[in-house]
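Down below is the structure, laid out as structure tokens.
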Amino acid sequence: FELIRLLGQGGFARVWQAHDTARGCDVALKLVRGGIVSPKTAVKILTQEFAHRDRIGDTTHVLSVERPRTERLGEIDLVLMPMELADGGTLRDWMKARRGAVQTEHLDAALDLFEQACRGTEAIHAAGLVHLDLKPENLLLVGGTLKVADLGLSRDLERLSAVAPELLRDGVGSPLYMAPEQVESARPDDIETLADVWSLGVILFELLDGKTPFVGRAAEVRKKIANRNLSISYRRVP
């Protein structure tokens, strides 16, 4: 792989646009460098992400990923996972290009993209999974088709009880898009597909309004979500 440019980074991994010299095409490459987390942990996380993606039946609106692999570059241990390249960027990029709230001329396109996000999420749920980190940055455009990406935080609904409760609260998800049960639940079994439905609702709200329904610092947002403290003055879209 020849690295071209950094596309983004999360808690422990970076995603690069890279050229696959063996196949002669560009891919997105999720890369974890040893030292951030142990190679063993990184392999476990990425292997789970691959396994979850692999069990989804309808992948029309779910990003394609390949089996993770380990490489050694000099003294550095790397864990790599090639993925489908989103040539159209993220839903966040799409929103920024339209400067906030979707105007009338873009409304049909926005609702079409949102419907595709719902279809991708539906396919994930049909596989017995919950995504837990739906947000515009994880909704990617590939050849004009929107695809749900980043199953790194996804959970098997039949094994939620094996997950530490603190990981299903503060440690999992992005505060602006987290459901109340992710914020306040003391029991992992309380986290289910409805958490993703809440996140989709926040995304739809942001598409139409230009901002999420709850704003502020992470702790403030969690408190507002837990209290359902919502007071909004709606404005008519021109």
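Remember, it's a predicted structure, so these values are computed and weren't measured experimentally. Just so you know, residue 1 is the first one in the sequence shown, and it goes up from there.
Val202 is listed as a side-chain neighbour of Pro213, based on a closest heavy-atom distance under 4.5 Å. Between Val148 and Leu63, every side-chain heavy-atom pair lies at or beyond the 4.5 Å cut-off. Put simply, the side chain of Leu85 reaches to within 4.5 Å of the side chain of Gln17, judged on heavy atoms. Annotation: side chain of Glu84 is not in contact with side chain of Val27 (no heavy-atom distance under 4.5 Å). A 4.5 Å side-chain heavy-atom check between Arg155 and Gln48 finds at least one atom pair inside the cut-off.
The backbone N or O of Leu176 sits nowhere less than 3.5 Å from a side-chain atom of Thr212 that would complete a donor-acceptor pair. Remark: the backbone N or O of Leu146 is paired with a side-chain donor or acceptor of Gln116 at under 3.5 angstrom. Side-chain N or O atoms of Arg55 include none that pairs as donor or acceptor with a backbone N or O of Ala51 at under 3.5 Å. Here the side chain of His131 pairs a donor or acceptor atom with the backbone of Ala149 at under 3.5 angstrom.
In summary, Glu206 and Lys211 do not engage in a salt bridge, as defined by a charged side-chain N under 4.0 Å from a carboxylate O. A salt bridge between Arg53 and Glu49 is absent, with no side-chain N of the basic residue lying under 4.0 Å from a carboxylate O of the acidic one. Under 4.0 Å is where a charged nitrogen must lie from a carboxylate oxygen, and between Asp150 and Lys30 at least one such pair does. Contact check on Lys96 versus Asp93 returns no salt bridge, with no Lys/Arg side-chain nitrogen under 4.0 Å from an Asp/Glu carboxylate oxygen.
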List the atom pairs, with distances to 0.1 Å, where a side-chain N or O of residues 120-127 and a protein N or O form a donor-acceptor pair under 3.5 Å, not counting sequence neighbours.
| unit_1 | atom_1 | unit_2 | atom_2 | d |
| --- | --- | --- | --- | --- |
| Thr121 | OG1 | Ala117 | O | 2.9 |
| His125 | NE2 | Asp196 | OD2 | 2.8 |

Review item, side-chain donor-acceptor pairs of residues 135-144, under 3.5 Å, at least two apart:
| unit_1 | atom_1 | unit_2 | atom_2 | d |
| --- | --- | --- | --- | --- |
| Lys135 | NZ | Ser174 | OG | 2.8 |
| Glu137 | OE2 | Arg92 | NE | 2.8 |
| Glu137 | OE2 | Arg92 | NH2 | 3.3 |
| Asn138 | ND2 | Asp133 | O | 2.8 |
| Asn138 | ND2 | Asp133 | OD2 | 3.4 |

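Note: Leu207 CG to His106 NE2 = 12.0 Å, rounded to the nearest 0.5 Å. Once rounded to the nearest 0.5 Å, the distance linking CG of Asp54 with OG1 of Thr59 reads 10.0 Å. For the atom pair Leu107 CG and Leu208 CG, the distance stands at 6.5 Å (nearest 0.5 Å). Remark: Lys224 NZ to Phe214 CZ distance equals 8.5 Å, nearest 0.5 Å. Between the CG atom of Leu29 and the CE atom of Met83 there is a distance of 7.5 Å, given to the nearest 0.5 Å. Within the model, atoms OG1 of Thr193 and CG of Leu132 stand 10.5 Å from one another, a figure rounded to the nearest 0.5 Å.
Both Leu78 and Leu3 belong to a single network of hydrophobic side chains, linked directly or stepwise wherever heavy atoms of I, L, V, M, F, W or Y lie under 4.5 Å apart. Each of Ile225 and Val197 belongs to its own hydrophobic cluster when Ile, Leu, Val, Met, Phe, Trp and Tyr are linked at side-chain heavy-atom distances under 4.5 angstrom. Side-chain heavy atoms closer than 4.5 Å link hydrophobic residues (I, L, V, M, F, W, Y) into clusters, and following such links, possibly through other members, connects Leu80 to Leu6.
Listed here is the closest heavy atom pair of Ala195 and Ala179: CA-CB, 3.7 Å. For Gly24 against His19, the heavy-atom pair with the smallest separation is C-CE1, 3.5 Å. Summarising the geometry of Trp94 relative to Leu113, their closest heavy-atom pair is CE2-CD1, 3.6 Å, with the distance given to 0.1 Å. Considering every non-hydrogen atom in both Val62 and Asp58, the closest pair reads CG2-O, 4.2 Å. Closest of all the heavy-atom pairs between Ile4 and Ala18 is CD1-C, 4.0 Å. Nearest heavy-atom pair across Gly216 and Val221 is O-CG2, 3.4 Å.
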Query - Residue pair Leu134, Leu200: steps toward the side chain to side chain contact (heavy atoms under 4.5 Å, CB included) verdict - result: CA-CA 7 Å; Leu134 291 171; Leu200 287 170; 4.0 Å; yes
Query raised in the report: Checking side chain to side chain contact (heavy atoms under 4.5 Å, CB included) for the pair Ser154/Val130: CA distance, chi angles, key distance, verdict?
Result: CA-CA 6 Å; Ser154 62; Val130 57; over 6 Å; no
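Other residues, nucleotides and ligands contribute only 12 or fewer heavy atoms inside 6.0 Å of the CZ atom of Arg217.
Within the cation-pi definition used here (under 6.0 Å to the ring centroid, within 45° of the axis), Arg14 does not qualify as a partner of Trp16.
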